[in-house]
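Following: one structure in structure tokens, then a few remarks.
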Amino acid sequence: MEEKGKENGVAAMAACYQGFDPAAYLQYNYTPPRADFERKDSIVPWKLACLHRAFTEGDVGGELLVDIGSGPTLYQVLSGCEVFNQVLLTDFLEVNRQELRRWLRDEEECNLDWTPYLQHVCKLEGRRPSAWTEKAAKLRQVITDILPIDVHRPQPLAPDALPSAGADCLVSCFCLESVSPDLAAFTRALGHIGRLLRTGGHLLLIGALGESYYFGGPGVKIPVVPLNEAQVCASLKESGFTLIRLEVYTLNQDMRVGVDDVTGVFFAKARKD
């Protein structure tokens, strides 16, 4: 009976995503004020700085980086593409995978111009902003595939998607808490994706704190597991990870733009035991 309840909860979450609109989601979250590169207190520059630091500290490396639940976004691999020779993007929704493919093929119908993001990360790397074209070319070169994923399955990717040893690093942003019906499902999903990672590999996890819903499109209200810092730390430990660092961003009032009720964002850097 308990298994049936788990399945029903996950199925209900999947149903919520049928109306997900990548264009609206990008507009809500990845334009100013949340993506204002002139402001140090804007949320997107904070996330990019966390990722840049994590990828350049010297302990994260290897051949393969896998992004878990990419959504329609690319910002989360802009620093990692300089460290890894191969990057895999993944998402549950075909509309998001299509959005990513359009960028990969350099098509004009993309719903967001990623140029300011590329320029900002070039600056973080100590390069001139005009180097963004080289970074875009590098990213397109190292992204080898965009795959379907289901984090609620014990084997989230197709069996032959990864080398037998697993990925060297996983990055995942705003995925697990926004596709899980409750905290237990969030923790299980964390354990599932952990199986994709080699022992000693790293997980870079970004997620929402205190969020109970967000809009995935006009009128598309999606429930979220409201997490606190202690729950994030406990879930990581239970799932076989050693926490290296946890950082927290608290949203300013003007970052609360009516598309969700998030109060903060966490960044966790962890290693698989």
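The residues of the chain are indexed from 1 along the displayed sequence.
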Working for side-chain contact (heavy atoms from CB on, under 4.5 Å), residues L162 and V66: CA-CA 9 Å; L162 300 183; V66 180; 3.8 Å; yes

Step-by-step salt bridge (Lys or Arg N to Asp or Glu O under 4.0 Å) determination, R101 to E107: CA-CA 9 Å; R101 282 188 212 109; E107 295 176 7; over 6 Å; no

Pair E238-R188, salt bridge (Lys or Arg N to Asp or Glu O under 4.0 Å): steps then yes or no: CA-CA 9 Å; E238 190 179 328; R188 278 195 303 274; over 6 Å; no

F267 vs L205, side-chain contact (heavy atoms from CB on, under 4.5 Å): CA-CA, chis, key distance, verdict: CA-CA 6 Å; F267 171 81; L205 189 67; over 6 Å; no

Derivation and outcome, side-chain hydrogen bond (donor to acceptor under 3.5 Å, both in side chains), residues T242 and D273: CA-CA 6 Å; T242 295; D273 298 333; 2.4 Å; yes

side-chain contact (heavy atoms from CB on, under 4.5 Å) assessment of I68 paired with V171: CA-CA 6 Å; I68 304 292; V171 61; over 6 Å; no

Check: residues 215-229 side-chain donor-acceptor pairs under 3.5 Å, at least two apart:
from, atom 1, to, atom 2, distance (Å)
N228, OD1, A230, N, 3.1
N228, OD1, Q231, N, 2.8

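Heavy atoms only, all atoms of each residue included: G69 and C175 are closest at CA-SG, 3.9 Å. The minimum heavy-atom distance linking L100 with P72 is given by the pair CD2-C, 3.9 Å. In terms of heavy-atom proximity, C50 sits nearest to E247 at SG-OE1, 3.8 Å. Shortest non-hydrogen contact noted between A54 and V60 is O-CG2, 3.6 Å.
Neither L183 nor Y213 shares a network with the other; the hydrophobic side chains, linked directly or stepwise wherever heavy atoms of I, L, V, M, F, W or Y lie under 4.5 Å apart, form separate groups for each. Note: the hydrophobic cluster containing M255 does not contain V259 (ILVMFWY, side chain heavy atoms under 4.5 Å, direct or indirect links). Note on Y28: it does not cluster hydrophobically with L93, by side-chain heavy-atom contacts below 4.5 Å among ILVMFWY residues. Residues L51 and I244 fall into different hydrophobic clusters, defined by Ile, Leu, Val, Met, Phe, Trp and Tyr side chains chained together at heavy-atom separations under 4.5 Å. Cluster membership check: V248 shares its hydrophobic cluster with V262, using side-chain heavy-atom separations under 4.5 Å among Ile, Leu, Val, Met, Phe, Trp and Tyr.
Put simply, the side chain of L209 does not reach to within 4.5 Å of the side chain of V265, judged on heavy atoms. Under the 4.5 Å side-chain criterion, counting only non-hydrogen atoms from C-beta, T187 is not in contact with L236. Using a 4.5 Å heavy-atom threshold, the side chains of I146 and L104 count as touching. Side-chain atoms of L65 and V83, non-hydrogen and from C-beta on, never get closer than 4.5 Å to each other. Looking only at side-chain heavy atoms (C-beta outward), V77 and V142 stay at 4.5 Å or farther from each other. You'll find the side chain of R198 stays beyond 4.5 Å of the side chain of K272, heavy atoms only. R195 is not listed as a side-chain neighbour of Q155, based on a closest heavy-atom distance of 4.5 Å or more. Contact annotation: the side chain of D91 never approaches that of L89 to less than 4.5 Å [non-hydrogen atoms, C-beta and beyond].
If you take CD1 on I193 and CG on L176, they are separated by 4.5 Å, rounding to the nearest 0.5 Å. Rounded to the nearest 0.5 Å, atoms CG (L48) and OH (Y117) are 7.5 Å apart. Here the CD atom belonging to Q86 is positioned 4.0 Å from the OG1 atom belonging to T144, to the nearest 0.5 angstrom. Between the CG atom in L197 and the CG atom in L170 there is a gap of 4.5 Å [rounded to 0.5 Å]. Rounding to the nearest 0.5 angstrom, the gap separating the OG1 atom in T133 from the CG atom in L118 is 9.5 Å. Between the CZ atom of R53 and the CG atom of L204 there is a distance of 11.5 Å, given to the nearest 0.5 Å.
The number of heavy atoms from other shown groups lying within 6.0 Å of CD (E38) does not exceed 12. More than 12 heavy atoms of other shown residues, nucleotides or ligands fall within 6.0 angstrom of atom NZ in K138. The number of heavy atoms from other shown groups lying within 6.0 Å of CZ (R140) is above 12. The 12-atom threshold is not exceeded at CZ of R271, counting heavy atoms of other residues, nucleotides or ligands nearer than 6.0 Å.
Pairs passing the salt bridge (Lys or Arg N to Asp or Glu O under 4.0 Å) check and including a residue from residues 59-78, sequence neighbours excluded, read D59-K269. For residues 248-259, the salt bridge (Lys or Arg N to Asp or Glu O under 4.0 Å) pairs, not counting sequence neighbours, are R39-D254. For residues 55-82, the ring pair (Phe, Tyr, Trp, His ring centres under 6.0 Å) pairs, not counting sequence neighbours, are Y30-Y75. Legend: ring pair (Phe, Tyr, Trp, His ring centres under 6.0 Å) pairs involving residues 168-193, not counting sequence neighbours: none detected. Within the structure, ring pair (Phe, Tyr, Trp, His ring centres under 6.0 Å) pairs that include any residue of residues 234-256 comprise W46-Y249 (at least two apart or interchain).
Side-chain atoms of T250 do not come within 3.5 Å of backbone N or O of G264 as any donor-acceptor pair. Of the possible polar contacts, one joining the D150 side chain to the H152 backbone as a donor-acceptor pair under 3.5 Å is found. For S235 (side chain) and V232 (main-chain N/O), no donor-acceptor pair under 3.5 Å exists by modelled atom type. The main-chain N or O of L64 is found under 3.5 Å from a side-chain atom of D168 such that the two form a donor-acceptor pair.
Partners of F92 under the ring-ring contact (aromatic ring centres under 6.0 Å, His included) rule, at least two apart in sequence or in another chain, do not exist in this structure. When the side-chain hydrogen bond (donor to acceptor under 3.5 Å, both in side chains) test is applied to E99, the partners found at least two apart in sequence or on another chain are R102, N111. Applying the ring-ring contact (aromatic ring centres under 6.0 Å, His included) test to F20 and every residue at least two apart in sequence or in another chain returns Y17, Y25. Applying the side-chain hydrogen bond (donor to acceptor under 3.5 Å, both in side chains) criterion to D113, with sequence neighbours excluded, gives T115. Contacts of S130 classified as side-chain hydrogen bond (donor to acceptor under 3.5 Å, both in side chains), with partners at least two apart in sequence or in another chain: R128. Judged as a side-chain hydrogen bond (donor to acceptor under 3.5 Å, both in side chains), and not counting sequence neighbours, Q253 has no contacts.
One side chain, S212 or D261, offers a donor N or O that lies under 3.5 Å from an acceptor on the other. Between Q76 and T73, the side chains place a donor N or O and an acceptor N or O closer than 3.5 Å (distance only, hydrogens not considered).
Taking 4.0 Å as the cut-off between side-chain N and carboxylate O, D260 and R34 count as a salt-bridged pair. One finds a salt bridge joining R245 and E57 here, because a Lys/Arg side-chain nitrogen approaches an Asp/Glu carboxylate oxygen to under 4.0 Å.
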